[in-house]
Amino acid sequence: MLKYFKGSFLVTVIGLIAAYLWGHYMHGNAMMSLFVVVFLSILEVTLSFDNAVINAVKLEKMNEKWKHRFITWGILIAVFGMRLLFPILVVAVFAKLSVIEVAQLAFYNVDEYTKHLHEVHAPLVTFGGAFLFMIFFSYFFCPDKDCYWLSCFEKPMQKLTCVKYIDVVFVLISLMILQNFIPENQKLSVIMAGFTGVITYLAVDSISSLLENIEKRKAQVMGTTGKLGFIGFLYLELIDASFSLDGVLGAFAISKDIIIICIGLAIGAMFVRSLTIYMVDMKTLKEFIFLEHGAHWAIGFLALIMFISTRIEVPEVITGGIGLLFVGSAFISSIIHNKKNKEIESD
């Protein structure tokens, strides 16, 4: 197992040293900076455990070159793109300021930067929530599913697949309900963000399915195994972005220092990626068949929490706890299922 996580441990050591030095020279309190980084790292792993399971599902369909790029390029995008640059870019767009001005605010006028970030919170989490809701509904409304975990919910949901675009209908209904609780001056931006989340999912999923079918046809002709490349990578990065929105915004409630936040979330993101690769290589999803179900239930509740957080602040511990509860329960159910199968085979 060590070979999968040695990169994460290396990033952790470098990150803690950087946090100590930054805290010592910038704030005069190195130990507090270390504590915040460790806390944010644990929080990121807790919030993103279900993300690791979903990533593993898609990563199994990718070729080796893009798997490697997911670890190298992907971690750079996750850390510097989503955890550092993305909040700055979003504030720049909504506040109508230049990127340089917002970057200066983030480093030298944190209160003003946090104020702007809070103003864009509602549309941001609505985009992420709509995207994740599409993943949730698309999975459980799939007509080809023949394996059920919470069958009392999953079987009735599958029966609704007779309604065309039922997943889109459910998400749009959710958005229409949500807009009734949004202040008048934010309604348009929230609705547009939600629609953008749905459209983004449909576009990426359609292109992904098209390329996957092309690769399968090529594989049949050439006698090889068809694997996804760039589009699979893009899909994973969008999922990671949606998952990280809530964590990035919530991190500012714990610390106002964007460098400390970036270091803490980077360590957590690295462990999540290492865990993803480990699960793919160990065939964890095939051995524990309900893990994928548990991860998607966690996604559904995370999307719901994102919608709720447009009006009510939801503590990160609740978000992470719900995800762990579903994934942990699915893991235990998988063990029990495997044990029963072995007993039947032995009889």
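Note that this is a predicted model, so its numbers are computed, not measured. Values below: every heavy atom of this structure, side chains too, minus hydrogens, waters and symmetry copies.
Taken to the nearest 0.5 Å, the OG1 atom of T126 stands 8.0 Å off from the CD1 atom of I191. If you take CD1 on I299 and CE on M306, they are separated by 10.5 Å, rounding to the nearest 0.5 Å. Between L265 atom CG and S41 atom OG the span is 7.5 Å, to the nearest 0.5 Å. Taken from CE in M279 to OG in S274, the straight-line distance is 11.0 Å, to the nearest 0.5 Å. Here the CG-NE2 distance, from L291 to H293, works out to 10.5 Å after rounding to the nearest 0.5 Å. Rounding to the nearest 0.5 angstrom, the gap separating the CD1 atom in I260 from the CE atom in M32 is 11.0 Å.
Heavy atoms only, all atoms of each residue included: T310 and F307 are closest at OG1-O, 2.6 Å. Of all the heavy atoms in G197 and A130, the pair that sits closest is CA-CB, 4.3 Å. Between A56 and T276, the shortest heavy-atom contact is N-CG2, 3.6 Å. Listed here is the closest heavy atom pair of V37 and A19: CG2-CB, 3.5 Å. Between A122 and V190 the shortest heavy-atom distance is CB-CG2, 3.9 Å. The heavy-atom pair separating I88 from A103 by the smallest distance is CG2-N, 4.1 Å.
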Under the criterion side-chain contact (heavy atoms from CB on, under 4.5 Å), I'd like the reasoning laid out for L16 against V38: C-alpha separation, chi angles, the key distance, then a yes or no. CA-CA 8 Å; L16 291 177; V38 171; 4.0 Å; yes
Where do R273 and S8 land on the side-chain contact (heavy atoms from CB on, under 4.5 Å) test, with the steps shown first? CA-CA 9 Å; R273 271 166 167 67; S8 299; over 6 Å; no
Apply side-chain contact (heavy atoms from CB on, under 4.5 Å) to the pair L172 and L175, showing each step before the final yes or no. CA-CA 5 Å; L172 293 182; L175 284 171; 4.1 Å; yes
Using side-chain contact (heavy atoms from CB on, under 4.5 Å), reason through M270 and T12 one step at a time and then give a plain yes or no. CA-CA 9 Å; M270 189 66 190; T12 301; over 6 Å; no
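Using modelled atom types and a 3.5 Å distance limit, the side chains of E292 and W297 yield no donor-acceptor pair. A donor-acceptor pair shorter than 3.5 Å cannot be found between the side chains of Y113 and Q104. Looking only at atom types and distance, the side chain of S33 has no donor-acceptor partner in the side chain of W22 under 3.5 Å away. Side-chain atoms of E101 and S98 include a donor-acceptor pair closer than 3.5 Å.
Between H337 and F288, the ring center distance fails the sub-6.0 Å criterion. Ring-centre distance between Y139 and H296: below the 6.0 Å cut-off. Checked against a 6.0 Å centroid threshold, the rings of Y201 and F133 do not count as neighbours. A distance of 6.0 Å or more separates the ring centres of F290 and F331.
When D167, I173, I166 are each tested for a side-chain contact (heavy atoms from CB on, under 4.5 Å) with F170, only one passes: I166.
Side-chain contact check for L105 versus L97: some heavy-atom pair is nearer than 4.5 Å. Proximity of L275 to F5: side-chain heavy atoms (C-beta onward) are separated by under 4.5 Å at one or more points.
With hydrogens and angles ignored, the 3.5 Å screen pairs no side-chain donor or acceptor of E44 with any backbone N or O of I267. Side chain of R311 to backbone of I182: no donor-acceptor contact under 3.5 angstrom is found. A donor-acceptor pair is defined here as one N or O able to donate and one able to accept, closer than 3.5 Å; no such pair exists between the side chain of E287 and the backbone of N338. With hydrogens and angles ignored, the 3.5 Å screen pairs a side-chain donor or acceptor of S189 with a backbone N or O of Q186. Under a 3.5 Å cut-off, the side chain of T161 and the backbone N or O of Q158 do form a donor-acceptor pair. The backbone N or O of W149 lies less than 3.5 Å from a partner atom in the side chain of E154, making a donor-acceptor pair.
By the rule that hydrophobic residues join a cluster once side-chain heavy atoms approach within less than 4.5 Å of another member, V125 and M176 end up as members of separate clusters. In terms of hydrophobic clustering, with Ile, Leu, Val, Met, Phe, Trp and Tyr side chains grouped at heavy-atom distances under 4.5 Å, F153 and V163 are assigned to a common cluster. Tracing side-chain contacts under 4.5 Å through hydrophobic residues (I, L, V, M, F, W, Y), one reaches L324 starting from F39; they form part of the same cluster. No path of Ile, Leu, Val, Met, Phe, Trp and Tyr side chains, each step under 4.5 Å between heavy atoms, connects I259 with I100, placing them in separate hydrophobic clusters. Taken together through direct or relayed side-chain contacts under 4.5 Å among Ile, Leu, Val, Met, Phe, Trp and Tyr, L325 and V272 form parts of separate hydrophobic clusters.
Counted within 6.0 Å of OH on Y148, heavy atoms from surrounding residues, nucleotides or ligands total more than 12; the atom is thus considered enclosed. Atom CE of M192 is surrounded by 12 or fewer heavy atoms from other residues, nucleotides or ligands within 6.0 Å.
Using cut-offs of 30° and 60° for the angle between ring planes, the Y278 and Y4 rings count as perpendicular.
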